[in-house]
2 protein chains.
Amino acid sequence: MSTSPDLIDTAQCLCLASRRASRAITRAFDRELRAHGLRATQFTLLATLSLKGGQTIGELAEFIVADRTTMTRNVALIEEKGLVEVRQHEDDARVRVVTITAWGRETLAAALASWGEVQGSLTEAMGTSAADGLRRLANSDWARPGARNDIKQGRRETAA
Amino acid sequence: MSTSPDLIDTAQCLCLASRRASRAITRAFDRELRAHGLRATQFTLLATLSLKGGQTIGELAEFIVADRTTMTRNVALIEEKGLVEVRQHEDDARVRVVTITAWGRETLAAALASWGEVQGSLTEAMGTSAADGLRRLANSDWARPGARNDIKQGRRETAA
DNA sequence: GCCTCATAGGTGTAGATACATCCATCTCGT
DNA sequence: ACGAGATGGATGTATCTACACCTATGAGGC
């Protein structure tokens with residue numbers, strides 16, 4: 001059905017909604033993290049590396065649900081700042097492993113309070129149920145790469 | 001309280017969640033809209049202009065919850081493509097009014113079906129309650145500029 | 001050992017985003 | 001009429017984002 005939706009339906013656009021929300025939320029975090037010289041994305045990467053230990057470019061990209069090429073550049077920026085180190089993988093010469101540095105941990109620890117303030121006020125402003133809903137949404141399988149994203153990869157083989 | 005949250009709390013980061021979601025959703029729309037030469041943001045602008053008529057740069061920025069300077073450049077791109085026209089306001093020489101062109105309406109109409117497909121499959125994938133929640137979130141007052149955003153504007157005057 | 005293919009990253013290019021700052025213009029009080 | 005402050009946009013700069021494409025390397029089959 002619905003060969004062509006009505007223009008008025010676009011008022012419910014999920015892309016507009018998600019981008020509105022992420023812009024507003026990102027601005028809030030960026031403002032506070034700025035005092036520590038971090039962007040929200042960079043804070044996320046440091047926190048991830050601190051919690052999970054060394055990660056490859058691909059693992060980081062998958063975790064934050066971004067393109068690998070995006071992660072290449074995101075990592076390069078925090079590497080230049082000395083917040084992380086990038087080494088060759090021991091067994092696989094293709095793989096590059098990213099680890100947080102001591103300076104990265106220091107910066108992260110210092111920024112953690114600011115993060116908590118924004119997280120707290122945002123949670124209060126939007127309500128805990130909305131916050132939980134957003135997290136569930138972001139952790140759903142459909143958001144993962146490979147879910148429906150491989151349609152355009154050209155895998156029209158018969159069975160594999 | 002919570003002078004410094006624990007690192008493990010960052011796993012619940014709303015910024016990561018919102019950016020994850022918007023990246024995944026935007027990629028889905030961008031892939032389909034590409035056939036029509038549009039990005040998701042550009043589609044949103046065309047749909048907005050088609051529904052609401054002529055809008056100023058500032059009005060558009062406020063509507064999609066973005067910075068005015070971002071909107072200046074977003075509009076410039078679709079203007080170069082001939083999708084919109086920008087004219088001086090009749091009464092106020094500072095204001096620039098953006099209107100959709102005939103070509104813009106054509107492009108929008110052609111892209112509407114693609115938009116509907118993505119909107120439909122995403123809604124199904126995430127569930128209607130999650131979709132509604134995301135829209136409510138994006139339409140909340142806290143996301144609006146001026147809500148808490150003016151704190152850093154430097155308005156530490158006594159009463160105004 | 002070699003060839004084919006898959007995998008991990010990097011580069012070129014383009015758009016989206018926002019802050020600081022600048023310019024032009026409007027508003028309003030005097 | 002004039003000046004101060006507010007308002008609407010534009011520009012410089014930096015980051016985030018992704019697709020197309022490229023290179024290097026690993027994995028398997030023969």
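Numbers restart at 1 for each chain; the letters A, B, ... are given by sequence-line order, proteins then strands.
Of the side-chain N and O atoms in B:Thr70, one or more sit less than 4.0 angstrom from OP1 or OP2 of C:dA18. Side-chain nitrogen and oxygen atoms of A:Gln88 include none within less than 4.0 Å of the OP1 or OP2 phosphate oxygen of C:dG9. Taking side-chain N and O atoms only, A:Thr56 has a distance below 4.0 Å to OP1 or OP2 of C:dG9. In this structure, B:Thr69 does not reach the C:dA18 phosphate: none of its side-chain N or O atoms is under 4.0 Å from OP1 or OP2.
Donor-acceptor pairing under 3.5 Å, judged by distance alone, is absent between the side chain of B:Arg39 and the base of C:dG15. If you check distances only, the side chain of A:Arg94 never reaches the base of D:dG26 with a donor-acceptor pair under 3.5 Å. For a distance-only test at 3.5 Å, the side chain of A:Thr26 fails to qualify as a donor-acceptor partner of the base of D:dC16.
Comparing C:dG12, D:dT15, C:dC26 against the side chain of A:Arg73 picks out C:dG12 as the nearest. Nearest to the side-chain atoms of B:Asn74 among the listed nucleotides D:dT11, C:dG9, C:dA16 stands C:dA16. Considering only side-chain atoms of A:Arg19, the nucleotide from C:dG9, D:dA10, C:dA16 that sits closest is C:dA16. Here the nucleotide nearest the side chain of A:Arg27, chosen from C:dC19, D:dC19, D:dT15, is C:dC19.
Geometrically, B:Arg20 engages A:Phe63 in a cation-pi contact, judged by NZ or CZ lying under 6.0 Å from the ring centre and within 45° of the ring axis.
Following rounding to the nearest Å, A:Arg31 (CZ) and C:dA20 (P) show an atom-to-atom distance of 10 Å. A:Leu38 has its CG atom 15 Å from the C1' atom of D:dC16, to the nearest Å. For the pair B:Asp92 CG and C:dC23 P, the interatomic distance rounds to 19 Å; values are reported in whole Å. Whole-Å rounding puts the A:Ile64 CD1 to D:dT15 P distance at 16 Å. Across the protein-nucleic acid pair, A:Phe29 atom CZ and C:dT17 atom P stand 19 Å apart, rounded to whole Å. The CZ-C1' distance, from B:Arg68 to C:dA18, rounds to 12 Å in whole Å. As rounded to whole Å, 14 Å separates atom P of D:dG8 from atom CD of B:Gln55. Between the CE atom of B:Met71 and the P atom of D:dT11 there is a distance of 16 Å, given to the nearest Å.
DNA chain C is contacted by both A:Asp30 and A:Glu59; A:Glu59 maps to the nucleotide lying nearer its 5′ end (nearest heavy atom per residue). Both A:Ala93 and A:Lys81 lie close to DNA chain D; mapped to their nearest nucleotides by heavy-atom distance, the more 5′-ward contact belongs to A:Lys81.
For the pair B:Arg135 and A:Gln12, the minimum side-chain heavy-atom distance is below 4.5 Å. Contact annotation: the side chain of B:Phe43 never approaches that of B:Phe29 to less than 4.5 Å [non-hydrogen atoms, C-beta and beyond]. Taking 4.5 Å as the limit, every side-chain heavy atom of A:Pro5 sits out of range of all side-chain heavy atoms of B:Gln119. Here the side chains of B:Ile64 and A:Arg23 are in contact, with some heavy-atom distance below 4.5 Å.
Using a 4.0 Å heavy-atom criterion, one finds that B:Arg96 contacts the sugar-phosphate atoms exclusively. As judged by a 4.0 angstrom heavy-atom cut-off over every strand, A:Thr41 is placed among residues touching the sugar-phosphate backbone only.
Residue A:Val84 forms a side chain to side chain contact (heavy atoms under 4.5 Å, CB included) with just one option from A:Leu46, A:Leu77, A:Leu60, A:Thr99, and that option is A:Leu46.
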